[in-house]
Amino acid sequence: MMILTALQKQIGFNDSERALADYILNNREKVLDYSIQSLSQNTFTSTSTIVRFCRKIGLKGYKDFKIKWSAELQKEYNAITNVNPDFPFTEDDSYKEIQKKILELFTESLQKTHSINSNESMEEAVDLLLKARRIGIFCVWRYLSSSLEFPE
């Protein structure tokens, strides 16, 4: 069973283990930086409770948990697909998820641009850039709030 599934279902967990699972789910990336002592302090549990918890979900111990949890999170981040370019993020997205979505948007954009450009159009673009006296590069950042109203 995957760690995420075990943490979400919490089958056979006692109160301390449920609190530990909830903490891990709410601090997915943060716990990867914690030592067992730090996790123990932050969850108000003992280190032996954490080790028993790890064994209960089929792992050897806390180090094994961190390795496998990191791999699961990476798989989850890699699985993000079909990002809406108009609203690519939600307030619930982690920084890792946002980075992954930006990467996917850039990759898709480059692939689409590559597929529609011909050698001739690229040569023409390079020629125009080389002949230009000035080249301006601009970036636009739009922040859209849900309270904005758009005319119809």
Side-chain angles (χ1 to χ4, degrees), residues 1-119 121-122 125-126 129 135-150:
M1 179 185 310
M2 293 182 60
I3 297 172
L4 181 60
T5 305
L7 296 178
Q8 290 171 332
K9 290 187 177 184
Q10 300 182 6
I11 297 170
F13 286 9
N14 63 32
D15 291 341
S16 296
E17 292 164 341
R18 272 192 287 283
L20 187 56
D22 290 340
Y23 184 87
I24 292 167
L25 289 170
N26 291 324
N27 299 277
R28 292 173 177 226
E29 293 149 8
K30 223 185 256 189
V31 296
L32 294 174
D33 296 326
Y34 289 167
S35 65
I36 193 169
Q37 290 81 11
S38 298
L39 183 59
S40 170
Q41 289 173 343
N42 285 308
T43 58
F44 306 103
T45 58
S46 67
T47 56
S48 57
T49 298
I50 295 171
V51 172
R52 280 193 306 274
F53 171 81
C54 292
R55 289 186 179 148
K56 187 176 265 189
I57 60 174
L59 304 170
K60 295 176 188 170
Y62 185 63
K63 285 183 182 180
D64 190 31
F65 164 80
K66 284 175 60 170
I67 292 167
K68 293 196 173 148
W69 183 239
S70 176
E72 268 190 47
L73 289 178
Q74 192 60 48
K75 280 183 188 176
E76 187 178 294
Y77 299 143
N78 290 339
I80 297 170
T81 58
N82 300 325
V83 180
N84 178 348
D86 295 325
F87 301 100
F89 320 123
T90 68
E91 60 187 38
D92 298 329
D93 286 343
S94 70
Y95 290 121
K96 250 325 191 204
E97 290 167 325
I98 291 170
Q99 290 173 1
K100 174 64 181 156
K101 288 178 178 182
I102 289 172
L103 176 63
E104 187 171 331
L105 286 173
F106 281 22
T107 303
E108 266 185 38
S109 177
L110 289 171
Q111 287 173 340
K112 287 178 183 176
T113 302
H114 175 71
S115 69
I116 62 171
N117 279 335
S118 64
N119 280 340
S121 64
M122 290 304 292
V126 169
L129 287 170
I135 299 173
I137 299 175
F138 301 90
C139 178
V140 176
W141 177 263
R142 294 185 305 170
Y143 175 77
L144 297 177
S145 170
S146 59
S147 64
L148 291 178
E149 294 184 19
F150 296 98

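All values derive from a computational prediction rather than experimental measurement.
- Closest of all the heavy-atom pairs between K60 and R55 is O-NE, 3.3 Å.
- In terms of modelled atom types and a separation under 3.5 Å, the side chain of K66 and the main chain of Y34 share a donor-acceptor contact.
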- Message: For a side-chain contact (heavy atoms from CB on, under 4.5 Å) check, start with the C-alpha distance between D64 and C54, then their side-chain angles and the critical distance, and finish with the verdict.
- Response: CA-CA 8 Å; D64 190 31; C54 292; over 6 Å; no
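- Distance CH2/W69 to CG/L32: 8.0 Å, rounded to 0.5 Å.
- Looking at every heavy atom in both residues, V31 comes nearest to R28 through CG2-O, 3.4 Å.
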- Apply the test side-chain contact (heavy atoms from CB on, under 4.5 Å) to residues I24 and T43: give CA-CA distance (whole Å), side-chain angles for both, the deciding distance (0.1 Å), then the verdict. CA-CA 9 Å; I24 292 167; T43 58; over 6 Å; no
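- A salt bridge does not link E29 with K96: every distance from a Lys NZ or Arg NE/NH1/NH2 to an Asp or Glu carboxylate oxygen is 4.0 Å or more.
- E104 contributes atom CD, which lies 12.5 Å from atom CD of E97 (distance to the nearest 0.5 angstrom).
- Across every non-hydrogen atom of A21 and Q10, the tightest pair is CB-NE2, 3.7 Å.
- Residue F13 holds its CZ atom at 4.5 Å from CZ of F53, rounded to the nearest 0.5 Å.
- Here the CG-CD1 distance, from D93 to I98, works out to 5.5 Å after rounding to the nearest 0.5 Å.
- Note that CG of L4 and NZ of K9 are 10.5 Å apart. Values are rounded to the nearest 0.5 Å.
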- Full working for side-chain contact (heavy atoms from CB on, under 4.5 Å) between L59 and I67: CA-CA 10 Å; L59 304 170; I67 292 167; over 6 Å; no
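- Note that CG of L39 and CG of N27 are 9.0 Å apart. Values are rounded to the nearest 0.5 Å.
- Of all heavy-atom pairs spanning T49 and S16, the tightest one is CG2-CB, 4.1 Å.
- Annotation for K63: atom NZ does not count as buried by contact number, only 12 or fewer foreign heavy atoms lying within 6.0 Å.
- Heavy atoms only, all atoms of each residue included: I3 and K68 are closest at CD1-CB, 3.6 Å.
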